[in-house]
Amino acid sequence: MDLITQLPFFSHLPAAAAQALAAAFETRPLAAGETLFKQGAPGEAFYIVQTGGLSVRTRHPDGQEVTLDPLGPGDCSGEMSLLTGQPYHATVTASADSVLLRLPKETFDRLTAEHPALITELANALLPRIQETQASLALARLFGQMDEAMQHRLQAQLQWRRLDCGEVLCRQGDPGDEMYIVVQGRLRFAVEEGGKRRDLGEVGAGESIGEFSLMTERDSPQNRRSATVYATRLTDVIVISRAVFEGLLCQSPELLLRLTRRIVQRELLLSQEARPSVSAQVIAVLPARPGPAASAFARQLADSLQSLGGTLYLDPSRFDMLYGKPGAAQTPLGSPASLLIDTWLDERERAHPYAVYDTQPALDEAGLLSPWALRCVEDADILLLVGEGGADPALTALEAALTATHTRARLELVLLHPAECPAPSGTLAWLAPRQAGEFPVRAHHHVRLGHAADFRRLGRRLSGRPIGLALSGGGARGWAHIGVLQALEEAGLEVDWVGGASMGAIIAGGIAMGWPSQQLSDLAARFSNPKKLLDYTLPYASITATRRITALLQELIGETQVEDTWRPFFCVSANLTRGEEQLHTHGPLWKAIRASMAFPGVFAPVADEGCVLIDGGAANNLPIDRMREFCPSGTVIGVNLLTSSPVPGPYDFGPSLSGWQVLRSRLNPFARALKAPNLLDIVAGVVYSNNCYRLNETWRCADLLINVPVEAYGLLEFDKYLQVIELGYRAAKEQLPKLERAL
C-alpha cells in the first residue's frame, strides 16, 4: 500500500481509490535475463518494480533499436498500454533478479469505472513520461543511437510546443535560432514571392526543420528562415535552441554528417514537381443534421477510395475497438492521453493514402463539437458537409460550431439523393448561405447512395485525379463528340468534369446531366432537320430569330441550374460588351448553353446583365485551358474538330465588292462569275483564325487531344449526324490508346 501511494501516479488519489488499487496488485517474480514482455505484444498489465531492475529497448519501423532509461525500484512499466489499450511500445527484460507488482488491464478498467479519479491521475502523471518517450524516439530518428548520459542531458534541455491548426511556427526572414522536430502532426512550408504565397511541401512526424539555419553563423544572411512554416493540423514539436544544438555537435561531431545528409535529401524532395504526401489525405464527414445517411455515405466513400489506395476508415466505435480502449474516441483534446491518441492516428495515417473519419455523434448536449468530432475536424484536409437534397437547406448548429475551430481544411458540400433521383434540384438554396463568410463552401457534389459511379467520381475529385472532358464548337460537326463519348464509355473511362464551347457546350451539358451517348444521339435526331430549327428573319443581328432552338433547349433542360448537374459543368461565350471570354459556371443551364452556341450572324446573341454574349468559339473554341484550371492535377481530354479554313480561295474580286455584282455575275451566263467569300464564310473565317491561334497556345494543357477530321461536313448539315457521330467514334477509338498508355 505504501509503495503504491508514494508513486506520483497515485499519490493524490482518494483513500478509497488508493485502497482498492493496492488490493488489486499481485506479485510477479522475474529472473535476470527473463523477458517481461516484447514490443508489439498486447498491453495486458501494468508493472511496478519492487526490487531489482529492468532494461528497456524499442525498435523503430526502419529497424533501428534504441535503449531507453533503465527502470529500478519504484519505477513503472506498461502504464501507457494500460492507459491507452495499445500494444507495448518496447521490449522489457530483467537486468537482475527482480520482484514486480502486477496490475492486470481488466482489473484496472474495472477500478477506473468505480473510481474515475484513477484515470485522471494516471494520465496527468504520465504526461512527462509520454513526452520523454516520444522525444527519445524522435531524437533517435534524427540523430541515431546516443549514449544514455548524452540523451539525459539533451532531454533536460528540450522544450515542447503545441501548435493549433494554422498556427505559424516561424516566418520567412526570421532569425534561425531554433530547430524543430515534429513529434506528431504536419508542418507546411510556404514562401512569399512577389506578393504571392507558394506552398513548397510538408513534413510529418519524425521529420526536422531548421537545422540549416543553426549550422550557419548567427549574424550571417543565411541565418534567416527561407520559408514560413505553419501547422496544417494540431501538431506537437520539440524545440532545440542554438546553444543546445552547438553543445550537442561539440560532444558528437559525427551528428553533423547525418544532419547534412538529411538536409540534402529534403531539398531534393522539395525540388520535385510531384511530391508524395507525408501522410493520408484526411477526409472528415460531417452531417449537416444528425442521421444515418451521413454515416452510410462515409462508409461507402471509404470503400470507393480503396480502389485508389488503402483507406483508413474510423468512426468512434471502430476507433475504440482498434485503439483498444472503450470510450477513448471521446478523450478531450486537452487531456494528457490526447498526445498518445494523436500519435496513434498519425502512425496509421502515414500507412494509408486516404483516411475517412465519420464524426457522428458530432455535437454534444451543449451544441459544441464532441471531442471525437473536434479531433477529426482539426486533423482533416477536407471537410465534407453532408446534407440530404430534399431537406431544409438552412445553416445548421454544426456549421456554427465549426467557426470556433482552428481548422484550415477545405469545406465542401455533399448533397445526397435517392437512388432513383432523375436530377438534382434546389442546389442554390444550399449554396447561397454557404458561399460567403468565415468558412465558405469551396465546391459541391451530388451523390446517390448506392450508385458506385457517383462515389468513384467523388473519390477522383477529392483525390485530385478527376477526368475532365473539353468539347469544341463546330456547328453540326459537333455531333462527333457523341461518337467520342461512345468510345470513352466502351473504354471504361468515366468523365468527372465537362465543359465546352458552342456545339460542344450542348453535348457537355447533356453529359453533365447524366445523359448517356444513346440519349445524346436521340437529341441529334431532333436537331436533324434544319428547317424545323432555323427560323429565318430580317438579318439585322442574325439571319435567324433563334426562337426554335431556344424553345428546344428550354424543353430539354427545363429549370435546371448549372449547379444542379450531376457532373460539374462549364461553358464559355464571348462577351462583346467587355471584350473578353466569359465563363459560365452558375445560373440557368439552358441560358449558358444558348449563349455559348450563338454563332455570330447565324444565331441571335444573348443579353445578360446588360452585356451582349455570342458563340464561345469566338473567344475560346476548345477550352482545354479552362478545364486544366478546374482539374490542375487530373487528366484533361480535349476533342478538336479538325477543319479547314471556310475561306480557302482562290478568289477573284476587286478592291470593292457589291453583293448585287456577285448576284448578276451568277445569273448572267455570259458574264465572268466572281469568286468571293460570303458574309457567313468571312465570319466563320474570323472564328477559325482565332481558334487556330488560341489552340497553338493551349494544346499542351490537354493530356490527350482527340482530333476528329470533320472538314467534309458543313456547319449547318445537321441531317448528317449519323455520319459525323461515326467519324468521332472511329477517331477516338484510334487515339485513346495513347491516353491509356500514359495513365
Side-chain angles (χ1 to χ4, degrees), residues 60 62 64 66 131-147 150-164 167-191 199-271 278-279 339 342-343 346:
H60 297 320
D62 61 6
Q64 183 182 12
V66 178
Q131 291 184 332
E132 180 181 343
T133 301
Q134 296 294 337
S136 295
L137 296 174
L139 292 171
R141 290 190 192 105
L142 181 63
F143 297 118
Q145 184 68 54
M146 291 186 285
D147 63 64
M150 180 183 295
Q151 189 169 127
H152 279 302
R153 286 195 298 272
L154 185 55
Q155 286 262 20
Q157 300 175 85
L158 297 179
Q159 302 174 36
W160 278 72
R161 190 175 301 173
R162 168 158 281 198
L163 303 171
D164 289 324
E167 187 174 348
V168 172
L169 177 63
C170 58
R171 296 189 180 278
Q172 184 176 343
D174 285 351
D177 292 328
E178 295 175 335
M179 67 172 286
Y180 312 97
I181 305 172
V182 183
V183 177
Q184 70 83 26
R186 247 194 245 176
L187 297 175
R188 181 172 294 168
F189 303 91
V191 296
D199 287 338
L200 294 179
E202 295 180 342
V203 293
E207 293 293 319
S208 61
I209 61 171
E211 312 96 317
F212 182 76
S213 296
L214 292 185
M215 293 163 64
T216 61
E217 293 291 336
R218 185 188 298 271
D219 298 325
S220 70
Q222 290 77 25
N223 185 36
R224 296 287 171 178
R225 301 295 185 197
S226 59
T228 295
V229 181
Y230 64 97
T232 61
R233 58 180 61 177
L234 193 66
T235 301
D236 289 293
V237 298
I238 293 171
V239 182
I240 299 179
S241 68
R242 176 180 289 274
V244 173
F245 179 79
E246 290 176 349
L248 181 63
L249 292 186
C250 288
Q251 296 174 57
S252 300
E254 70 276 4
L255 297 181
L256 183 61
L257 179 59
R258 296 177 192 165
L259 286 176
T260 303
R261 287 172 176 165
R262 289 179 66 90
I263 292 171
V264 171
Q265 290 170 355
R266 185 168 63 237
E267 291 301 317
L268 289 173
L269 183 64
L270 293 177
S271 67
V278 298
S279 66
L339 174 60
D342 291 335
T343 303
D346 226 31

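Not measured: the values here are computed from a predicted model. Residues take their numbers from the sequence shown, with the count starting at 1.
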Report task. Report the C-alpha separation of Arg186 and Glu207 in whole Å, then their side-chain angles, then the decisive distance to 0.1 Å, and conclude whether the salt bridge (Lys or Arg N to Asp or Glu O under 4.0 Å) test is met. Result -> CA-CA 9 Å; Arg186 247 194 245 176; Glu207 293 293 319; over 6 Å; no
Query raised in the report: Where do Thr235 and Ala231 come nearest, in terms of heavy atoms and distance?
Result: OG1-CB, 3.7 Å
Query - Atom of Val191, atom of Ala227 and distance for their closest heavy-atom approach - result: CG1-CB, 3.7 Å
Indicate yes or no: at least one non-hydrogen side-chain atom of [X] is less than 4.5 angstrom from one of [Y].
{"X": "Phe189", "Y": "Val203", "value": "yes"}
{"X": "Ile238", "Y": "Tyr180", "value": "no"}
{"X": "Ile181", "Y": "Ile240", "value": "yes"}
{"X": "Tyr230", "Y": "Leu187", "value": "no"}
{"X": "Gln184", "Y": "Arg233", "value": "no"}

Query - salt bridge (Lys or Arg N to Asp or Glu O under 4.0 Å) partners of Arg171, counting only residues at least two apart - result: none
Report task. Output, in order, the C-alpha distance, side-chain angles, deciding distance and verdict of side chain to side chain contact (heavy atoms under 4.5 Å, CB included) for Arg161 and Leu169. Result -> CA-CA 9 Å; Arg161 190 175 301 173; Leu169 177 63; 3.7 Å; yes
Requested in this report: Dump the intermediate steps for side chain to side chain contact (heavy atoms under 4.5 Å, CB included) on Ser208 and Met179, then the final yes or no.
Outcome: CA-CA 7 Å; Ser208 61; Met179 67 172 286; 4.1 Å; yes
Requested in this report: Decide, yes or no, whether a salt bridge links Asp177 with Arg225 under the criterion of side-chain N to carboxylate O below 4.0 Å.
Outcome: no
Requested in this report: Mind running side chain to side chain contact (heavy atoms under 4.5 Å, CB included) on Val168 and Thr228 for me, showing each step along the way?
Outcome: CA-CA 7 Å; Val168 172; Thr228 295; 4.0 Å; yes
Report task. Give the C-alpha distance, both sets of side-chain angles, the deciding distance and a yes or no for side chain to side chain contact (heavy atoms under 4.5 Å, CB included) between Val239 and Leu158. Result -> CA-CA 6 Å; Val239 182; Leu158 297 179; over 6 Å; no
Query raised in the report: When rounded to the nearest 0.5 angstrom, what distance separates CG in Asp236 from CZ in Arg162?
Result: 4.0 Å
